[in-house]
> 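The following block contains the structure, expressed as structure tokens.
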Amino acid sequence: MTGDAVARSSPARARRWRDELIALLAAQAPCLDRALKRVARTGGEVVLIDGTLIPTQRRTGKANRRNYSGKHHHHGLHFLVLTDERGRLIWISAARPGRTHDITAARHDHILAHLRAAGLGALADLGFRGLDNDVLDPVIVTDFHTSPTHKLTPGQKDANRVLAVGRAPVEHGFAHLKNWRTLTKLRTDPARATRLLRALLVLTNLEVNR
């Protein structure tokens, strides 16, 4: 092979190596059951759950309308993330269209059943309200909801403030994840995006824990 031929093949070879490395790292990301069992085994009692939109490059056409999030006014892919009480990333879901609601994604991943099986609770925002309707023994705790016809009591307002403090670390987990500049070039291929985010979760934890 001539020097020119090698030079021309180098970008393709580099992309192949990159994709292989991403796949290897993504394979190290824990599945949901394993992540929850690890938290329980180390004495944890609750996890923090939230959904996030990772912006993607805008694509036109009917097939891409589902990637537009009306909440965020942007095209992107939706992910669920779990962290421990300190905000350390422990699990990330597969990518879904940007218009996916948090509670829909949580139901699809059977989050409630997995939490019960692990003996853990979860703190969540109002996007997950209605996911757990067990009044006597709830696993997922969300804020009290206010509406024009239902005003919060002082006790409920205090409870919401406590929950907000408890949930705050999940934002630190998101911040660490979104610091990776490669996410600014994310496209709307769900499988590729899932592998990339899970690879970055592994790298993020290596960086934070070193």
> Could you work out, with side chain to side chain contact (heavy atoms under 4.5 Å, CB included) as the rule, every residue matching Val162, not counting sequence neighbours?
none

> Tell me, do Leu203 and Leu201 make a side-chain contact under 4.5 Å, heavy atoms counted?
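Side chain of Leu203 against side chain of Leu201, heavy atoms only: no contact under 4.5 Å found.
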
> Which residues pass the side-chain hydrogen bond (donor to acceptor under 3.5 Å, both in side chains) test with Asp33, not counting sequence neighbours?
His114

> Checking Asp50 now: which residues fulfil salt bridge (Lys or Arg N to Asp or Glu O under 4.0 Å) with it, not counting sequence neighbours?
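Partners of Asp50 by the salt bridge (Lys or Arg N to Asp or Glu O under 4.0 Å) criterion come out as none, since no residue qualifies.
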
> Decide yes or no on side chain to side chain donor-acceptor pair (under 3.5 Å) for Asn205 and His176, but give the supporting numbers first.
CA-CA 9 Å; Asn205 284 337; His176 286 304; over 6 Å; no

> Applying salt bridge (charged side-chain N to carboxylate O under 4.0 Å, His left out), which residue pairs with at least one partner in residues 72-86 are found, sequence neighbours left out?
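Applying salt bridge (charged side-chain N to carboxylate O under 4.0 Å, His left out) to every pair that reaches into residues 72-86, excluding sequence neighbours, yields Asp84-Arg88.
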
> How would you list, by chain and number, every residue that makes a salt bridge (Lys or Arg N to Asp or Glu O under 4.0 Å) with Asp143, sequence neighbours excluded?
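Once residues adjacent in sequence are excluded, the partners of Asp143 under the salt bridge (Lys or Arg N to Asp or Glu O under 4.0 Å) criterion are Arg167.
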
> Tell me which pairs pass salt bridge (charged side-chain N to carboxylate O under 4.0 Å, His left out) where either residue lies in residues 176-186, with sequence neighbours left out.
none

> Who are the side-chain hydrogen bond (donor to acceptor under 3.5 Å, both in side chains) partners of Asp109, not counting sequence neighbours?
Arg96

> Identify whether the distance between the nearest side-chain nitrogen and carboxylate oxygen of Asp19 and Arg192 falls below 4.0 Å.
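Between Arg192 and Asp19 there is a salt bridge, with a charged N closer than 4.0 Å to a carboxylate O.
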
> Salt bridge (Lys or Arg N to Asp or Glu O under 4.0 Å) with Asp134: which residues, sequence neighbours excluded?
Arg116

> Please go through Leu152's hydrophobic cluster and name the other residues, only I, L, V, M, F, W, Y counting, with side-chain heavy atoms under 4.5 Å joining them.
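Direct or chained contacts put Leu152 with Phe144.
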
> Could you check whether any side-chain heavy atom of Leu183 comes within less than 4.5 Å of a side-chain heavy atom of Leu197, counting everything from C-beta outward?
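SC-SC contact between Leu183 and Leu197 confirmed.
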
> Holding to salt bridge (Lys or Arg N to Asp or Glu O under 4.0 Å), I want the full list of residues that pass it with Asp158, two or more places apart in sequence or in another chain.
Arg161

> Apart from Leu120 itself, what residues make up its hydrophobic cluster when side-chain heavy atoms of I, L, V, M, F, W and Y under 4.5 Å apart count as a link, directly or indirectly?
Leu32, Leu36, Val39, Val47, Ile49, Leu80, Leu82, Ile90, Trp91, Ile103, Ile111, Leu112, Leu115, Phe128, Leu131, Val139, Ile140

> If we check side-chain hydrogen bond (donor to acceptor under 3.5 Å, both in side chains) with His78, which of these qualifies: Asp102, Thr104, Thr100, Thr52?
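For His78, the side-chain hydrogen bond (donor to acceptor under 3.5 Å, both in side chains) check succeeds only for Asp102.
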
> Please list, chain by chain and in numerical order, all residues satisfying ring pair (Phe, Tyr, Trp, His ring centres under 6.0 Å) with Tyr68, sequence neighbours excluded.
His75

